[in-house]
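One structure is given here, and the rest of the page talks about it.
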Amino acid sequence: MRAFAYYAPSTIEEAIAILQGHDDASILAGGTDLLLRMKARQQTPQVVVDIKRIPALSVLRLDGEGRLTIGAAISMRQIECAGELGDPYRAIIQGAGVVGSVQIRNRATLVGNICNAAPSADTAPPLLALGASVRIAGPAGERLLALEDFFVGPGQTALGPGELVTAVEVPSGAPRTGSAYARHTTREAMDIATAGVGVALRLAVQNSSCEEIAIALGAVAPTPRRARQAEKVLRGQELTPERLAAAAECAAQEACPISDVRASSGYRRALVEVLTRRTIEAALEDARQRGKLRRQTA
Amino acid sequence: MKQKIETIVNGRQYSLEVAPRKTLLALLRDELYLTGAKEGCGTGDCGACTVLLDGTPVNACLVLAVEAAGRQVTTIEGIAVDGTLHPVQQALIEHGGMQCGFCTPGVVMSSVALLQDNPQPSVAQIRQALAGNLCRCTGYSKIVEAVQAAAQQLQHRRLPVKG
């Protein structure tokens with residue numbers, strides 16, 4: 001790695017000041033993306049700002065209304081093991097839990113995953129499906145941006161100069177909601193998603209139709225993104241096998257994958273169709289299970 | 001510009017001056033002569049450099065030495081107690097879970113951490129915990145058997161697990 005100056009501020013304000021003061025500064029959280037690029041000299045910042053010593057960024061909490069806040073310093077491993085946050089954020093836990101290895105997950109952060117903005121980021125489809133927002137702090141103050149608007153291109157985010165993401169916020173899960181994430185990889189672990197699908201849905205009171213649904217695709221477009229046409233097929237409808245198949249086909253059409261070392265675009269499209277159907281079924285099962293548990297504990 | 005850091009490695013306090021770009025792996029090997037952790041890839045893929053940072057397994061090649069300031073590091077050299085091998089180390093020998101030995105320090109670190117968190121892991125859980133430790137020699141089966149045997153040993157003896 002090229003030489004650089006290292007700072008470990010203890011407040012968000014200090015971090016912003018350092019970022020503002022240097023054109024060529026990079027933020028260090030887990031380091032599992034940044035240090036790789038620095039070793040390969042793809043990124044050669046003169047200043048590295050370590051945000052892990054800022055207590056405000058270590059928050060992982062469900063507030064009174066059930067809104068989930070994941071601070072920028074929270075590791076994938078912390079999320080993977082946060083069983084008590086599970087309901088209804090199962091998809092986020094699943095996404096965080098498949099990244100790399102235990103060693104990687106002990107360092108890598110969820111916020112780092114979305115800031116790296118790879119189209120294949122495993123936490124992105126779950127967060128998109130669950131309607132997450134990104135809290136950004138910078139010289140002009142604080143702003144909240146929908147995650148959908150945060151991804152602007154492969155590896156590119158809407159962060160401006162001097163800005164950093166302080167947390168990801170996920171709205172509270174309403175009753176009768178379920179979520180799931182599934183991906184296809186060549187290996188069992190230590191692999192990047194060839195295609196990934198995240199689904200969150202809410203069942204109607206009668207439990208037979210889908211009041212609300214969100215389907216998000218990963219690794220099959222320049223950014224992780226919602227499959228809105230596929231959602232329209234199912235919103236307000238009974239989730240029959242025929243409708244699921246139609247929605248899955250729709251999602252596959254909405255994907256615009258590329259061919260690369262991992263797969264051809266045609267194979268990726270085929271994966272989207274299969275994964276969409278399976279993930280909706282998993283989210284449905286999740287919602288039903290949660291409904292049962294609620295009745296049992298009532 | 002070198003920075004002064006205080007860190008505890010295998011229970012011993014160190015005051016060191018390190019350049020920011022020095023990785024924890026390089027610090028351990030080059031400055032402290034703890035050469036048990038190996039650089040198999042330098043990219044966090046192989047796990048040969050696995051050490052425990054505040055008790056949790058990490059790839060030392062992707063941690064800057066300065067990030068270890070105020071933290072506790074445990075390497076393979078800190079696992080045996082007064083020359084007595086840890087059950088994981090003993091089991092790897094007895095079950096043929098080690099051939100060339102290059103991946104073994106990392107495997108031991110990951111396995112020790114696993115058994116601290118999950119004293120009776122299933123085969124699937126062992127494989128998942130070791131997904132970040134690549135082995136070219138053994139084909140993994142004997143490593144898994146060794147970890148299972150070590151788990152049994154620890155349960156029988158109820159030894160305090162070091163880490």
Side-chain angles (χ1 to χ4, degrees), chain A residues 1-10 25-53 58 73 75-78 80-81 83 94 97-109 112 185 187-192, chain B residues 1-5 18-26 37 39-71 106-107 109-111 113-114 117-118 121 124-134 140:
Chain A
M1 280 186 272
R2 290 234 175 94
F4 54 88
Y6 168 87
Y7 296 100
S10 43
S26 290
I27 294 168
L28 172 66
T32 53
D33 281 320
L34 177 67
L35 294 183
L36 273 183
R37 286 199 296 275
M38 287 174 68
K39 286 184 176 198
R41 303 209 167 175
Q42 286 161 354
Q43 204 166 327
T44 52
Q46 300 202 309
V47 168
V48 166
V49 185
D50 184 348
I51 58 163
K52 296 189 292 295
R53 311 254 179 191
S58 292
S75 71
M76 300 286 199
R77 188 73 176 153
Q78 283 174 282
E80 186 188 358
C81 300
Q94 286 175 322
V98 296
V99 172
S101 59
V102 169
Q103 295 95 317
I104 294 290
R105 295 196 292 280
N106 274 324
R107 297 294 286 174
T109 62
T185 51
R187 290 190 281 269
E188 298 275 326
M190 293 299 282
D191 214 346
I192 290 173
Chain B
M1 266 279 280
K2 289 198 174 182
Q3 293 196 356
K4 272 208 173 77
I5 62 164
V18 293
R21 65 174 163 167
K22 198 159 191 80
T23 64
L24 176 60
L25 180 62
E39 181 164 40
C41 69
T43 55
D45 287 297
C46 76
C49 67
T50 305
V51 299
L52 303 184
L53 186 62
D54 289 341
T56 65
V58 298
N59 296 121
C61 68
L62 291 184
V63 176
L64 297 174
V66 291
E67 292 180 277
R71 307 239 180 270
V107 165
M109 302 316 291
S110 289
S111 303
L114 167 68
D117 281 345
N118 185 356
Q125 288 170 329
I126 294 171
R127 285 183 177 271
Q128 219 231 354
L130 293 176
N133 292 90
L134 300 184
Y140 303 101

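Chain letters run A, B, ... following the sequence lines, proteins first and then strands; every chain starts at 1. For clarity, every value in this text was computed on a predicted model and none was experimentally measured.
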Any donor-acceptor pair under 3.5 Å from [X] side chain to [Y] backbone:
X: A/Arg2; Y: A/Arg41; result: no
X: B/Thr56; Y: B/Leu53; result: yes
X: B/Asp54; Y: B/Arg71; result: no
X: B/Asn118; Y: B/Leu114; result: no
X: A/Asp50; Y: A/Lys52; result: yes

Is it the backbone or the side chain of [X] that comes under 4.5 Å from a heavy atom of chain B, or both, or neither?
X: A/Leu28; answer: side chain
X: A/Met190; answer: side chain
X: A/Arg187; answer: neither

Counting heavy-atom pairs closer than 4.5 Å to chain A, which one of [options] comes out on top?
options: B/Gly106, B/Pro57, B/Ala113, B/Ala19; value: B/Pro57
options: B/Gln3, B/Met1, B/Glu67; value: B/Glu67
options: B/Thr23, B/Val63, B/Asp117; value: B/Val63

**OP:** Taking all non-hydrogen atoms of both residues into account, name the closest pair between B/Gly40 and B/Ala48 and its distance.
**Re:**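 That closest heavy-atom pairing would be N-CB, 4.1 Å.
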Original post:
If you count heavy-atom pairs under 4.5 Å with chain B, which of A/Gln103, A/Lys39, A/Met1 comes out on top?
Top reply: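 Ranked by contacts with chain B, first place is A/Gln103.
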